[in-house]
Enquirer: 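I have a structure here, written as structure tokens, and I will follow up with some questions on it.
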Amino acid sequence: MKRLLAFIKKEFYHVFRDKRTLLILFGLPIAQIILFGFALSSEVKNIGIAFQDNSHDIHTEKIIAKIQSSSYFNVENPILNYKDIENRFKDGSIKCAVIFSSNFGSDLQRPGGAKIQVIADASDPNTATIVTNYLTAIVNDYQQQLNPTAKLNYQIIPELRQLYNEQQNGSLNFIPGVIALIFMIVSTALTSVSVVREKELGTMEILLVSPFKPIMVLIAKAIPYLVLSLINFILILFLSVYLLHVEIKGSFLLLFAESILFIITCLSLGLLISNVTDSQQTAMLISMMGMMLPTLILTGFMFPLENMPWIFRVISHAVPSRYYYSIVKSVMLKGLGFEFVWKETLILAGMAAFLLTIALKKFKIRLS
């Protein structure tokens, strides 16, 4: 045990002496939390919009004021004609144009109703759809306020409520994925260079002639990064709660235990990469680039898995971060207990055991 503690202490010295390692370990999570929490969002805001008011009555003025008061739109200079709309779409100053028909106010009292033309820049179809839905909702709300007593013979009025994120905070969707991404990249990348670094520095011979068994070498290599990753986890949760206002609704102990299991899985994968590569550059490239894209694409937090072809849905089952993302979302956002995440926990435990076993078998006790 004394030898093991001495070896672990040596690994801590390796980490703290390397400024780049510390930057990756603690700088990357903070940068990603801030980036995904503030810069990246699925919400559509500050959309440039312009109006052509051919009626200039009180109703058009109130609708324009209602749209202008919304945080989704930035009202730009009025439109002159259709050619002006096309030119302003081309230069990107607006994304949407609204044209009110002549005699808009008087047409409201007629059976046919008044006309509003909405023209959206569909070079980004998702944004165009969201913008037109926003405008439709605002106009319908104004029409309901204008004549609240008007009812059809048969009328269905849906009452909507969004569970788990009633404030529609975009950070809630990204935080579980960012936590999985950080652990998958940082823990895997740092441990992936731990063994291969000994090969490059020529100190592997010392390890091989020592009384240490291969399993003890791998454990000693992994423990410092496990401890530092757990500190990282506390830091991420602190930033999520106090900076992004993401509430932890479930059990913190369950979330902490699941995170330990996922970190062990990532460390095992990193040790496997380190044992099968011969240079730190190769190990870092495989762990950073090879793990980032699957975590971004095949976990479900950036793109819904249900929308992907079946072959990608099958491949996603081999990505450990997919299960951890589901666990964090269930425990942290929905407040669910272990009985709802035991399947994902069992899969992660199996992956950790499998990867650690393969890493141990790939550990070469003789240098070529």
Enquirer: Can you tell me how far the CD1 atom of I94 sits from the CD1 atom of I47, to the nearest 0.5 Å?
Expert: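 Going from the CD1 atom of I94 to the CD1 atom of I47 covers 11.0 Å.
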
Enquirer: Give the C-alpha distance, both sets of side-chain angles, the deciding distance and a yes or no for side chain to side chain contact (heavy atoms under 4.5 Å, CB included) between I99 and I85.
Expert: CA-CA 10 Å; I99 302 174; I85 296 175; 3.9 Å; yes

Enquirer: Give me the atom names and distance for the closest heavy-atom approach of L261 to T345.
Expert: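 Taking L261 first and T345 second, the nearest heavy atoms are CD2-O, 3.5 Å.
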
Enquirer: With the 4.5 Å side-chain cut-off for hydrophobic clustering, are F89 and I130 part of the same group?
Expert: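 No; tracing contacts between hydrophobic side chains, which count when under 4.5 Å, never links both residues.
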
Enquirer: If I compare all heavy atoms of K221 with all of Y225, which pair ends up nearest, and what's the gap?
Expert: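 Between these two residues, the closest heavy atoms are O-CD1, 3.1 Å.
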
Enquirer: Using a 4.5 Å cut-off on heavy atoms from C-beta on, say whether the side chain of F51 contacts that of P78.
Expert: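 Counting from C-beta outward, P78 and F51 never come under 4.5 Å.
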
Enquirer: Grab the two heavy atoms, one from L237 and one from M332, that are nearest each other, plus how far apart they are.
Expert: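 Nearest pair, atom of L237 first, then M332: CD2-CE, 3.9 Å.
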
Enquirer: Measure the shortest side-chain to side-chain distance between I116 and F104 over non-hydrogen atoms and say whether it is less than 4.5 angstrom.
Expert: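 Yes - at least one pair of side-chain heavy atoms lies under 4.5 Å apart.
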
Enquirer: Which distance, rounded to the nearest 0.5 Å, do you find between the CG of L269 and the CE of M351?
Expert: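 L269 CG to M351 CE: 10.0 Å, rounded to 0.5 Å.
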
Enquirer: Where is the tightest heavy-atom contact between M184 and T295, given as atom of each residue plus distance?
Expert: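 In terms of heavy atoms, the two residues are closest at CG-OG1, 3.4 Å.
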
Enquirer: When you measure from the side chain of R322 to the backbone of G300, do you find a donor-acceptor pair of N or O atoms at a distance under 3.5 Å?
Expert: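 Between the backbone of G300 and the side chain of R322 there is no qualifying donor-acceptor contact (under 3.5 Å).
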
Enquirer: Give the cluster check for L298 versus L355: same hydrophobic cluster or not, with ILVMFWY residues linked at side-chain heavy-atom distances below 4.5 Å.
Expert: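 Yes, L298 and L355 fall within the same hydrophobic cluster.
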
Enquirer: Would I248 and L235 show up in the same hydrophobic cluster when neighbours are defined by side-chain heavy atoms closer than 4.5 Å?
Expert: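 Linked, I248 and L235 end up in one cluster.
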
Enquirer: Going only through I, L, V, M, F, W and Y residues with side-chain contacts under 4.5 Å, is there a path from V118 to Y134?
Expert: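 Same cluster.
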
Enquirer: Parallel, tilted or perpendicular: which fits the ring planes of Y242 and F238, with parallel below 30° and perpendicular above 60°?
Expert: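 Plane angle between 30° and 60°, so tilted.
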
Enquirer: Please check: side-chain N/O of S274 versus main-chain N/O of L271, any donor-acceptor pairing under 3.5 Å?
Expert: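 Such a contact is absent between S274 side chain and L271 backbone.
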
Enquirer: Output, in order, the C-alpha distance, side-chain angles, deciding distance and verdict of side chain to side chain contact (heavy atoms under 4.5 Å, CB included) for I138 and F73.
Expert: CA-CA 12 Å; I138 292 173; F73 299 101; 4.1 Å; yes

Enquirer: According to a hydrophobic-cluster definition based on side-chain heavy atoms being under 4.5 Å apart (Ile, Leu, Val, Met, Phe, Trp, Tyr only), do I182 and I231 belong together?
Expert: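 Looking at the clustering, I231 is in the same group as I182.
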
Enquirer: Please check this pair: side chain of D57 against backbone of T60, looking for a donor-acceptor N/O pair closer than 3.5 Å.
Expert: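 Confirmed, D57 side chain pairs with T60 backbone.
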
Enquirer: How long is the span from the OG1 atom in T188 to the CD1 atom in I263, to the nearest 0.5 Å?
Expert: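 Taking OG1 in T188 and CD1 in I263, the distance rounds to 10.5 Å.
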
Enquirer: Report yes if some heavy atom in the side chain of V341 is under 4.5 Å from a heavy atom in the side chain of L336; otherwise report no.
Expert: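 In short, these two side chains do not touch, never coming nearer than 4.5 Å.
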
Enquirer: Under 30°, 30 to 60°, or over 60°: which ring-plane class applies to F252 and F233, parallel, tilted or perpendicular?
Expert: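 Aromatic pair F252/F233 classed parallel.
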
Enquirer: Mind checking whether Y142 and H59 have side chains closer than 4.5 Å, heavy atoms only?
Expert: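 When only atoms from C-beta onward are counted, H59 and Y142 do touch, with a gap below 4.5 Å.
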
Enquirer: Hey, could you give me each pair passing salt bridge (charged side-chain N to carboxylate O under 4.0 Å, His left out) that has a residue in residues 59-76? Not counting sequence neighbours.
Expert: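 Pairs touching residues 59-76 that pass the test: K66-D141.
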
Enquirer: Just so I know, are the side chains of L356 and L360 near enough to count as touching, which here means a heavy-atom distance under 4.5 Å?
Expert: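 Side chain of L356 against side chain of L360, heavy atoms only: no contact under 4.5 Å found.
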
Enquirer: Does the side chain to side chain contact (heavy atoms under 4.5 Å, CB included) test come out yes or no for L348 and I327, once each step is laid out?
Expert: CA-CA 10 Å; L348 279 181; I327 291 172; 3.9 Å; yes

Enquirer: Which pair of heavy atoms, one from A122 and one from A128, lies closest together, and at what distance?
Expert: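 Heavy-atom minimum between the residues: CA-CB, 3.9 Å.
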
Enquirer: How long is the straight-line distance from CZ of F262 back to CG of L267, given to the nearest 0.5 Å?
Expert: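 Nearest 0.5 Å value for the CG-CZ distance: 10.0 Å.
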
Enquirer: Look only at the side chain of N54 and the backbone of S101, and say whether a donor-acceptor pair between them is shorter than 3.5 Å.
Expert: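 Judged by distance alone, no pair lies under 3.5 Å.
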
Enquirer: Just how far is it from atom CG of N74 to atom CG of N46, taken to the nearest 0.5 Å?
Expert: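 That separation rounds to 4.5 Å.
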
Enquirer: Going by side-chain hydrogen bond (donor to acceptor under 3.5 Å, both in side chains), name the residues that satisfy it together with S326, two or more places apart in sequence or in a different chain.
Expert: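 Partners of S326 by the side-chain hydrogen bond (donor to acceptor under 3.5 Å, both in side chains) criterion come out as none, since no residue qualifies.
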
Enquirer: Give a yes or no on whether the backbone of L228 and the side-chain of N232 come within a donor-acceptor separation of less than 3.5 Å.
Expert: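 Not confirmed, N232 side chain does not pair with L228 backbone.
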
Enquirer: On the 0 to 90° scale, with breaks at 30° and 60°, tag the H317-Y323 ring pair as parallel, tilted or perpendicular.
Expert: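 The rings of H317 and Y323 sit tilted, inter-plane angle from 30° to 60°.
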
Enquirer: Counting C-beta onward and ignoring hydrogens, is there a side-chain heavy-atom pair between L135 and C96 closer than 4.5 Å?
Expert: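 Heavy-atom side-chain distance check passes, below 4.5 Å.
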
Enquirer: So, taking the atom named CG in L305 and the one named CD1 in I297, what distance separates them when rounded to the nearest 0.5 Å?
Expert: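 If we round to the nearest 0.5 Å, L305:CG and I297:CD1 are 11.0 Å apart.
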
Enquirer: For I234 and F256, what are the C-alpha separation, side-chain angles and deciding distance, and is it a side chain to side chain contact (heavy atoms under 4.5 Å, CB included)?
Expert: CA-CA 9 Å; I234 301 297; F256 190 77; 4.2 Å; yes

Enquirer: Would you tell me whether S187 and S229 have side-chain atoms, one donor and one acceptor, within less than 3.5 Å of each other?
Expert: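 Note: S187 and S229 side chains meet the donor-acceptor criterion.
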
Enquirer: May I ask you to check whether Y324 and S259 show a side-chain donor-acceptor distance below 3.5 Å?
Expert: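 A pair is found: one side chain offers a donor N or O, the other an acceptor, under 3.5 Å apart.
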
Enquirer: Indicate the atoms forming the closest heavy-atom contact of S251 with V331, along with that distance.
Expert: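 Residues S251 and V331, closest heavy atoms: O-CG1, 3.6 Å.
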
Enquirer: In terms of heavy-atom contacts, does CD1 of I58 have more than 12 from other residues, nucleotides or ligands at under 6.0 Å?
Expert: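 Check fails, neighbour count at 12 or below.
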
